[in-house]
2 protein chains.
Amino acid sequence: MSQLSGGEAEQELYREIRRAIAERRLVPGIKLTEDSLASLFNVSRARVRKVLLILAKEHIVKQEPNRGAFVWRPSVIESRNILDARRLVEGYMVREAAKFASPQQIAGLRAILVEEDKARLDGEVAPMMRLSGEFHLKLGECAQNPALWEFLNGLVSRSYLILAVYQRRDVRTCPQDDHRKIVDLVEAGDGAEAARWMEHHFDHIEAELDLVEESVAAKPGLKDILIAPR
Amino acid sequence: MSQLSGGEAEQELYREIRRAIAERRLVPGIKLTEDSLASLFNVSRARVRKVLLILAKEHIVKQEPNRGAFVWRPSVIESRNILDARRLVEGYMVREAAKFASPQQIAGLRAILVEEDKARLDGEVAPMMRLSGEFHLKLGECAQNPALWEFLNGLVSRSYLILAVYQRRDVRTCPQDDHRKIVDLVEAGDGAEAARWMEHHFDHIEAELDLVEESVAAKPGLKDILIAPR
DNA sequence: AGAGAAAATATTGTGCACAATTTTTCGAAA
DNA sequence: TTTCGAAAAATTGTGCACAATATTTTCTCT
């Protein structure tokens, strides 16, 4: 899973940034200043630059020449592309999982379900987001294809950012029963039906999204808020 | 397509390494010494290190701590994983291509077919390899999903290395008619049949492969060659 | 001669200083 | 007060020197 070769502190920095994104503490557009990260994590700036380059390669941050690195902001079309890719890849992976998943792997998936329930009951939104992603990644592991899994890993990371930008503010229902249903079907070896539920699951996710580009004109300015629209 | 942000010479180094791999001048196991690349391309060693990091992220080279970077050598299982991923992704992409491909894109694909024919008639093996990969990438462009395309790009790069290691030495037949057939079907808008032919195409490719791990014991040493086995 | 240790060489890893560029601040003029 | 521009500050980009590690060579002893 680790994307870095050496350097303990380097890995920590890498993981912390990714975790902060998964829990939506880091949201798109935020600037990641090299010096800040360097002093915050007690590493040299060269290390920070290396980590930022890796994150940029994963499309989690966007680097602009001479301007710095910013948490990536997906466009509407990019978001659709990523969700389409996830439908394809995870549809395949869940079918493979139904063939290959070991009892240990099923148990690992159910352990995440329990954590998800707990987080939902406690109303902890941030961990829920992260756990949902971890569920999909753990399910992907069962397909026994590291090349595909790594791709999925990047897609999931970018999905966090998609949700941060486009998830409708009013919805708070979390269809986590989809996850449980999928595990049941995978355990039963019914890959075809599990894949169908995975499709439903993505339908639910996209239904909670408001995938329209928010134009500068559309977003209300101070004037619209304060001058009392009739 | 470019994977690098800035630096003209940097990009050149990146592209040249990738091209050398596509044309099989660089084969798995070769060591890429930083100083050699730096002096060869007249760039600082820091630049070389950056490019090598990117190539490592793309699994084209493998970096070993304190030992350096080597052209990646795919294992049998990794090769299977990559080819499975290509079947999945390219199957999807060719169906999308049948929906969306513009006349210009079809023309671009046919242009590659012409180059392939030319290279085959001239018996130029190296350009043929590269052109075959470029065909698949150009076809992938028609699916209008850059996230998936970038993944495919990495898979194609790794496929060059798979062929370099596992392609059977005796086969020299190149089923390039598959490519032409696929273009015809894409142009006709028959995505389902095009996808079937894509599957056949991969069957052909894998049939030319000898996907067994060559153990150290199996490969004959000098002794076996020179001491005249009876 | 062969094996093993030690020195010499070569290569990778890392921090730092400085250059290039951008962003902010400050002040003067309209 | 606003706007424009120049100076100052902050930030990113880059090369180099040196440290750490690995590899090769050399030398010694059996």
Side-chain angles (χ1 to χ4, degrees), chain A residues 2-17 20 26 28-73 216 221-223 226-227, chain B residues 2-17 20 26 28-73 216 221-223 226-227:
Chain A
S2 168
Q3 308 287 343
L4 291 166
S5 48
E8 198 57 38
E10 228 166 71
Q11 287 204 10
E12 190 194 335
L13 171 59
Y14 173 81
R15 278 196 291 257
E16 280 306 315
I17 291 179
L26 275 178
I30 290 182
K31 175 163 188 186
L32 300 173
T33 307
E34 296 179 0
D35 275 326
S36 311
L37 294 174
S39 56
L40 218 58
F41 287 84
N42 281 96
V43 297
S44 74
R45 202 160 65 85
R47 307 260 191 175
V48 174
R49 287 175 68 79
K50 183 177 175 185
V51 171
L52 287 177
L53 175 62
I54 291 171
L55 291 169
K57 279 291 305 172
E58 295 176 3
H59 300 288
I60 292 171
V61 309
K62 173 128 189 278
Q63 285 184 313
E64 297 181 29
N66 291 317
R67 298 220 31 238
F70 305 82
V71 176
W72 181 63
R73 181 187 180 82
V216 262
L222 269 184
K223 193 166 70 177
L226 298 176
I227 300 300
Chain B
S2 167
Q3 310 285 343
L4 291 167
S5 49
E8 199 57 38
E10 229 167 69
Q11 288 205 11
E12 191 194 334
L13 171 58
Y14 173 82
R15 278 196 291 258
E16 280 306 316
I17 291 178
L26 276 178
I30 290 182
K31 174 163 189 186
L32 300 173
T33 306
E34 295 179 0
D35 275 325
S36 310
L37 293 174
S39 56
L40 217 58
F41 286 83
N42 280 96
V43 296
S44 74
R45 201 161 64 86
R47 306 257 192 185
V48 173
R49 285 175 69 80
K50 182 176 174 185
V51 171
L52 287 177
L53 175 61
I54 291 171
L55 291 170
K57 279 290 306 172
E58 296 176 3
H59 300 288
I60 293 170
V61 310
K62 174 128 189 277
Q63 284 184 313
E64 296 182 30
N66 292 316
R67 297 215 345 125
F70 305 82
V71 177
W72 181 62
R73 182 187 180 83
V216 261
L222 269 183
K223 193 164 69 176
L226 298 176
I227 299 300

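Numbered from 1 within each chain, the chains take letters A, B, ... in sequence-line order. The structure presented is a predicted model; accordingly, all values stated were derived computationally and were not measured.
A/Arg49 places a side-chain heavy atom less than 4.5 Å from the side chain of A/Arg45. With a 4.5 Å cut-off on side-chain heavy atoms, A/Gln63 and A/Leu55 do not count as touching.
With rounding to whole Å, B/Phe70 atom CZ is found 12 Å from D/dA22 atom P. Residue A/Arg49 contributes atom CZ, which lies 14 Å from atom P of D/dT11 at whole-angstrom precision. One can place NZ of B/Lys31 at 11 Å from P of D/dA22, the figure rounded to the nearest angstrom.
Taking the 5' to 3' direction, DNA chain C first and last meets chain A under 4.0 angstrom from a heavy atom at C/dT14 to C/dT23.
Residues forming a salt bridge (Lys or Arg N to Asp or Glu O under 4.0 Å) with A/Glu16 (at least two apart in sequence, or on another chain): none. Partners of B/Ala20 under the side-chain contact (heavy atoms from CB on, under 4.5 Å) rule, at least two apart in sequence or in another chain, are B/Arg25, B/Leu26.
Annotation: the terminal axes of the helix from C/dA1-D/dT30 to C/dA30-D/dT1 meet at 0°, where each axis is the rotation carrying the C1' atoms of four end pairs onto the next four (5 pairs per end, rounded to 10°).
From A/Lys62, atom NZ reaches atom CZ of A/Arg73 across 12.0 Å, with rounding to the nearest 0.5 Å. Between the CZ atom of B/Arg47 and the CD atom of B/Gln11 there is a distance of 11.0 Å, given to the nearest 0.5 Å.
Nearest heavy atoms, B/Tyr14 versus B/Ile54: CE1-CG2, 3.8 Å.
Toward the 5′ end of DNA chain D lies the nearest nucleotide of A/Asp35, the other residue of the pair A/Asp35 and B/Ser44 mapping further downstream. A residue-by-residue look at B/Ser36 and A/Arg67 shows that B/Ser36 has its nearest nucleotide of DNA chain C further toward the 5' end.
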Could you go through residues 35-42 of chain A and list every donor-acceptor pair under 3.5 Å that involves a side-chain atom there, pairing it with any protein atom two or more places apart or in another chain?
residue	atom	partner	partner atom	Å
A/Ser39	OG	A/Asp35	O	3.1
A/Ser39	OG	A/Ser36	O	3.1

